[in-house]
Number of protein chains: 2
Amino acid sequence: MPKVGMEPIRRAALVKATITEIGRTGSLDVTVSKIAKRAGMSSALAHHYFGSKEQIFLAAMRHILTLYGAEVRGALAAADGPEERLRAVVRASFGSGSFRREVAGAWLNFYVLAQTQAEARRLLSVYQRRLRSNLLHGLKPLIGERAEVVAQGVGAMIDGLYIREVLKGGTPDGAAAASLVWGHLRREMGLKA
Amino acid sequence: MPKVGMEPIRRAALVKATITEIGRTGSLDVTVSKIAKRAGMSSALAHHYFGSKEQIFLAAMRHILTLYGAEVRGALAAADGPEERLRAVVRASFGSGSFRREVAGAWLNFYVLAQTQAEARRLLSVYQRRLRSNLLHGLKPLIGERAEVVAQGVGAMIDGLYIREVLKGGTPDGAAAASLVWGHLRREMGLKA
DNA sequence: GTTTATGTTGATTGATGAGTCAATAAACTT
DNA sequence: AAGTTTATTGACTCATCAATCAACATAAAC
C-alpha cells in the first residue's frame, strides 16, 4: 500500500478533517486521534507530518484564510467601481467557501485559539486587516473620512453574524446575511438604489 | 475557622474566580483546582458546592447575564423616549460591568460552551432575545418596519465588537465602542443630531 | 455532652489524550 | 541486491484532571 508522495495528500486530508471535526464538536477539544481517524490514518501519522496538535490547528486556520482570500479575489475580479467592489467584498464574506457551517464553527474556535497562541493571533489579525482594507478602499471614494468608522462597524457586524450563524443550528443562509450587511452599507452611503 | 453560612460566600467567590480565570487564560481549559485556588479553597470544596465543573461554568454564565441585565435596567430607568432608551441599551452593553476585559473574554468562551451544552445555549439565547427586544422597542416608534433589520444588524455589530475587544489586548474602551454603535444607529434613524 | 449538620481538605482513583518509538513494508537509488 | 528514504502503525509513556472519599473540625440542636 505505501506509496511515495503521500505527504501533501495526508496534510490536506488532515486539515480538512480538522475543520470538520472542530466545526462538528464546536470546540477545540478534539483529539488528534479523532482528526486522524476522520482523515483515514493513525494519530501517529498525523504527528509524523505535523509534529504537534498546535501545528495542525494552525494549518487549518491558514487554510480557511486561504479559502477566504481566494473567494474575495474572485469576487473582486469581476467588480467595477467602488460600489461594485464593496458588494463583492460582502458577498465573498458570506460565500459558500467561508460561510459553511463547519467552517464558521471552526472560525469561532480559532478566535479562542488566538487568545493563547501568538501565531493564531497573527493570522487572525491578517484577516482583520484585509477585511478592513477591502472595505476602506470601497468606502473612501464614496463617503470620504467617514469610511473609517463605517468600516469598523461593518467589519464587526460581519464577525457578529458569523457567531450568530454558528449558534443557531441548521443550514447557514449566506445570501440573507450578505443582504443584511449590504442594506446597512447602502444606508451608510448615499441611500442609493 | 469553619463557620456556618459559608455556602453563598463560597459560591460567589468561585463564580468570580471562574470568570477571571477564563478571561485570563482565554479558554475554557481551566482546571477546577486553578479556579478553587484563586477563590481560596480546595478543589474538593468547589465540587462539594457545585457538583461538577459544568455547573460552575453555568453559574458563571448566569452571573454575567445577571450583571448585564442589571446594567440595562439601570440605564433604562433614567431614559425617556425611544431614542433615549436606545442610547441606554447601547451604553449598557459596553458598560463597565459587561465590557471589562475578563468578562468579555469569558463571554467569548461561553459562546463556545453554548455549542456543546444545551443549558449554555439556552442562556445565550436569553441574552440575544433580550438585546433584540430592547433594540426593537426603541427602534419601532422611530423607523417602523425597518426596525427588524436594523436590530439584527446592530445586535451582530455589538457581538462583533466584543470579539474584537477581546482580541486586541489592553484596556477595553467601552465609550469608543458605544459611540461607534450609536453613530450607526443615528444614521439608521433620521440622521438627527 | 452527645448527636447532628455543616465546612473542609489531602489523598486517591480512573480516564483520557498528546507525543514517542520501535518495528514493518514498500518504493526509489546505485 | 544492498542500502536508503518515505510511509505507516500499534503499543507505550507520561502527565493532567475531574470526581470521589474518608477523615477531621466546628458549630448548632436537643
Side-chain angles (χ1 to χ4, degrees), chain A residues 1-22 24-61 106 109-110 112-113 116-120, chain B residues 1-22 24-61 106 109-110 112-113 116-120:
Chain A
M1 221 193 265
K3 294 177 192 164
V4 128
M6 281 286 102
E7 177 153 358
I9 296 167
R10 294 304 199 185
R11 289 183 101 99
L14 282 168
V15 161
K16 190 180 165 193
T18 302
I19 293 169
T20 305
E21 198 64 23
I22 293 179
R24 282 263 173 102
T25 73
S27 107
L28 294 173
D29 247 322
V30 294
T31 70
V32 174
S33 298
K34 276 265 180 71
I35 294 173
K37 185 172 218 173
R38 185 180 290 277
M41 71 196 82
S42 73
S43 73
L45 195 54
H47 275 104
H48 173 63
Y49 283 125
F50 280 101
S52 76
K53 190 174 165 175
E54 181 174 330
Q55 289 305 315
I56 301 181
F57 281 170
L58 291 175
M61 253 187 102
N109 283 280
F110 288 148
V112 170
L113 190 66
T116 42
Q117 290 199 7
E119 176 64 5
Chain B
M1 221 188 265
K3 292 174 192 164
V4 127
M6 280 287 102
E7 177 153 1
I9 296 168
R10 294 303 199 186
R11 289 184 102 99
L14 282 168
V15 161
K16 190 178 165 195
T18 302
I19 293 169
T20 306
E21 197 66 22
I22 293 179
R24 282 262 174 102
T25 73
S27 107
L28 293 173
D29 248 322
V30 293
T31 69
V32 174
S33 298
K34 275 265 180 74
I35 294 172
K37 184 172 219 173
R38 185 181 290 277
M41 72 196 80
S42 73
S43 74
L45 194 55
H47 275 104
H48 174 63
Y49 282 125
F50 279 101
S52 76
K53 190 176 167 173
E54 182 174 330
Q55 290 304 315
I56 301 181
F57 281 170
L58 291 175
M61 253 187 101
N109 282 281
F110 288 148
V112 169
L113 190 65
T116 42
Q117 290 199 7
E119 176 66 3

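Atoms considered below: every heavy atom in the structure, side chains included; atoms not considered: hydrogens, waters and symmetry mates. Proteins come first, then strands; the chains are lettered A, B, ... in the order of their sequence lines, and each starts at number 1.
Note that the CD1 atom of B:I19 and the CZ atom of B:F110 stand 6.0 Å from one another [nearest 0.5 Å]. In this structure, CZ in A:R24 is found 11.5 Å from NZ in A:K34, a value given to the nearest 0.5 Å. Expressed to the nearest 0.5 Å, how far CD of B:E21 lies from CD1 of B:I56 amounts to 11.5 Å.
When the C1' atom of C:dG19 is taken as reference, atom CD of A:Q55 falls 14 Å away, rounded to whole Å. One can place NE2 of B:H48 at 9 Å from P of C:dT6, the figure rounded to the nearest angstrom.
Of the candidates D:dA19, C:dT9, C:dT20, C:dT9 carries the atom nearest the B:A44 side chain, counting heavy atoms from C-beta on. Checking C:dT8, C:dT20, D:dA19 against every side-chain atom of A:H47, the shortest atom distance belongs to C:dT20. Closest to the A:L45 side chain, of the nucleotides C:dC28, D:dT9, D:dA19, is D:dT9. Side-chain proximity of A:M6 to D:dT9, D:dT6, D:dT8: nearest is D:dT8. Distance from the side chain of A:E7 is smallest for D:dA7 among the nucleotides C:dG10, D:dA7, D:dT9.
Residue A:S52 is in sugar-phosphate contact alone, with no base atom involved, counting any heavy-atom pair closer than 4.0 Å across all strands shown.
Few gaps surround CZ on B:R11; more than 12 heavy atoms of other groups in view lie less than 6.0 Å from it.
When side chains are defined from C-beta on, A:F50 does not count as touching A:L58, because their heavy atoms never get closer than 4.5 Å.
Residues from residues 25-39 of chain B with heavy atoms under 4.0 angstrom of DNA chain D, sorted by number: B:V30, B:T31, B:V32.
An OP1 or OP2 oxygen of D:dT8 is reached within less than 4.0 angstrom by a side-chain nitrogen or oxygen of A:R10. OP1 or OP2 of D:dT8 has at least one side-chain nitrogen or oxygen of A:Y49 nearer than 4.0 Å.
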